[in-house]
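Everything below concerns the one structure shown next.
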Number of protein chains: 2
Amino acid sequence: MSLDARIRADIEARIRSGEWRPGDRIPFEHELTATYGCSRATVSKALGALARAGFIERRRRAGSFVAHPPIHATVLDVPDLRAVVEARGEAYRWALIAQHRRDRADLADIGAIGPVLALTGLHRADDAPFGVEQRWIALGTAPEAAAQDFSTVAPGSWLLAHVPWSDARHRISAIGADADQAIALDLAPGEACLQLERWTWRSGALVTYVRQVFPGTRYDLVAEFKPFGA
Amino acid sequence: MSLDARIRADIEARIRSGEWRPGDRIPFEHELTATYGCSRATVSKALGALARAGFIERRRRAGSFVAHPPIHATVLDVPDLRAVVEARGEAYRWALIAQHRRDRADLADIGAIGPVLALTGLHRADDAPFGVEQRWIALGTAPEAAAQDFSTVAPGSWLLAHVPWSDARHRISAIGADADQAIALDLAPGEACLQLERWTWRSGALVTYVRQVFPGTRYDLVAEFKPFGA
DNA sequence: GAGTGGTCTAGACCACAAA
DNA sequence: TTGTGGTCTAGACCACTCC
């Protein structure tokens with residue numbers, strides 16, 4: 001492993017672990033030069049790669065800082081639905097329908113171990129329901145969630161702001177609305193809906209699993225991209 | 001614009017334009033050093049960025065070569081359905097249902113200008129239908145398509161292999177199957193389906209627009225990803 | 001064996017923004 | 001004004017790999 005790759009991995013690990021948090025200033029290039037006993041070009045190459053990957057922001061005369069995670073709403077992001085809806089100029093509302101705690105996860109396929117918080121709720125835009133959500137939060141990985149009141153704050157928004165994550169997986173499929181979903185979303189049973197499942201992990205441990213169901217006519221996912229990762 | 005960025009943009013433009021094709025060797029670093037009148041480190045920085053972005057592959061002792069576009073099947077790729085199906089160990093078949101040529105695109109929303117080839121067909125895996133496809137190919141952008149026989153070769157497979165592209169956009173939504181789709185896919189009308197629309201451009205000109213409809217129970221899209229683009 | 005890319009050094013000048 | 005990151009140079013050694 002090259003020296004610049006070691007420096008990069010080292011700093012990336014400190015950011016992922018939370019040792020260096022968003023907004024923190026990381027050491028100046030000349031300090032890292034001394035730390036690693038190398039030239040400034042090597043440090044600069046490592047920091048340049050980290051900046052390109054979005055881990056840090058670099059500002060002349062000020063230094064390099066751990067970046068704040070961005071908020072978008074495309075298929076490869078974890079969207080904050082509140083932000084998405086408000087960006088469209090509509091009023092967002094979250095309503096908690098049910099909440100209970102289980103000391104042992106009884107859903108093997110979601111991959112949670114230990115106590116979980118199970119939540120069901122409804123997302124509204126301008127008072128019209130546009131998504132139902134069932135969510136499980138692994139309290140072993142995110143213990144702060146146990147004390148949080150989710151009656152007015154959507155768990156997705158709260159998690160994005162408070163719990164870091166390192167990996168996620170989406171599964172996108174089409175389903176017919178079941179009876180409960182149809183009532184919540186004001187649809188006919190069996191009407192086509194977009195189902196988005198998302199697993200979110202932190203360092204290999206599941207943070208949360210969520211299943212969101214949106215009416216097919218009121219929601220779609222968009223992805224713009226280029227070939228070869230260009 | 002920095003010198004290394006100019007070199008990078010210059011080479012990228014030659015690749016996108018097709019002047020340098022996949023497999024071609026691009027000039028050696030020391031030749032580019034002479035061309036641009038700069039040091040090897042600057043050339044190396046530009047080529048390194050192009051390699052990271054997937055435009056070129058670099059091989060010691062051999063040189064740097066224009067990369068071949070990869071084939072994958074996740075939500076941010078243009079999948080070759082034949083490859084996806086065969087990777088699952090199933091037999092793929094394509095059946096052309098209808099084909100006609102229009103001298104003027106009559107679908108303003110797809111963004112095609114000039115003559116288009118309109119195709120409808122069915123994808124099968126192990127003889128079971130799993131997707132219907134409606135496609136428009138802009139003959140102004142991809143004139144070779146006019147002479148191609150799409151009765152046995154799926155247009156998606158052919159286009160991926162023969163027509164380069166520079167940008168794409170997906171829209172993923174859920175719809176109820178209409179009468180024709182229900183018959184083709186062997187479903188009840190109104191049953192939930194996943195609809196994938198894709199626009200593909202080359203240098204700003206539309207190459208093809210396709211709308212694929214899959215039974216919700218037989219197809220889903222998966223995306224795995226990390227925060228900050230890490 | 002010869003020549004490529006991969007990496008690193010020590011130094012330099014500059015633009016820019018924060019102090 | 002000052003010190004940071006941004007960029008570039010000229011040179012070096014190395015590992016790899018194709019001839």
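Everything numeric here is computed off the predicted structure, so don't read it as measured data. Note on naming: letters A, B, ... go to the chains in the order of the sequence lines (proteins, then strands), and numbering restarts at 1 for each one. Reckoned from all heavy atoms, side chains included, excluding hydrogens, waters and symmetry mates.
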d([atom1], [X]; [atom2], [N]) in whole Å:
X	N	atom1	atom2	answer
A:Phe65	D:dT4	CZ	P	12 Å
A:Leu47	C:dC8	CG	P	14 Å
A:Arg59	C:dA15	CZ	C1'	17 Å
A:Arg52	D:dG5	CZ	P	16 Å
B:Arg58	C:dG3	CZ	P	18 Å
B:Ile7	D:dT7	CD1	C1'	12 Å
B:His30	D:dA12	NE2	P	18 Å
A:Arg25	C:dA18	CZ	C1'	13 Å

Measure from the side chain of [X], starting at C-beta and using heavy atoms only, and say which of [options] lies closest.
X	options	result
B:Glu29	C:dG5, C:dT9, D:dT9	C:dG5
A:Ser39	C:dC8, C:dG6, C:dA18	C:dC8
A:Leu3	D:dT9, C:dA18, C:dC8	C:dC8
B:Arg40	C:dT7, D:dG5, D:dC8	C:dT7

- B:Thr141 side-chain N/O to B:Leu206 backbone N/O, donor-acceptor pair under 3.5 Å: yes

- Message: Using only atom types and a distance under 3.5 Å, with no angle test, would you say the side chain of A:Trp158 pairs donor to acceptor with the backbone of A:Ala145?
- Response: no

- Message: Tell me whether the rings of A:Tyr209 and A:Trp199 are parallel (<30°), tilted (30 to 60°) or perpendicular (>60°).
- Response: tilted

- Item | D:dT7 phosphate, OP1 or OP2, under 4.0 Å from B:Lys45 side-chain N/O | yes

- Using a cut-off of strictly less than 4.0 Å, decide whether A:Ser44 has a side-chain nitrogen or oxygen near OP1 or OP2 of D:dG5. no

- Message: If you compare all heavy atoms of A:Glu133 against all heavy atoms of A:Gly156, which two are closest, and at what distance to 0.1 Å?
- Response: OE2-N, 4.5 Å

- Can you tell me how far the CG atom of A:Leu196 sits from the OG atom of A:Ser173, to the nearest 0.5 Å? 8.5 Å

- Ignoring hydrogens and angles, does a donor from either the side chain of A:Arg61 or the base of D:dT2 sit under 3.5 Å from an acceptor on the other? yes

- Message: If you assign A:Asp4 and A:Arg60 each to the DNA chain C nucleotide with the nearest heavy atom, which residue ends up on the more 5' nucleotide?
- Response: A:Asp4

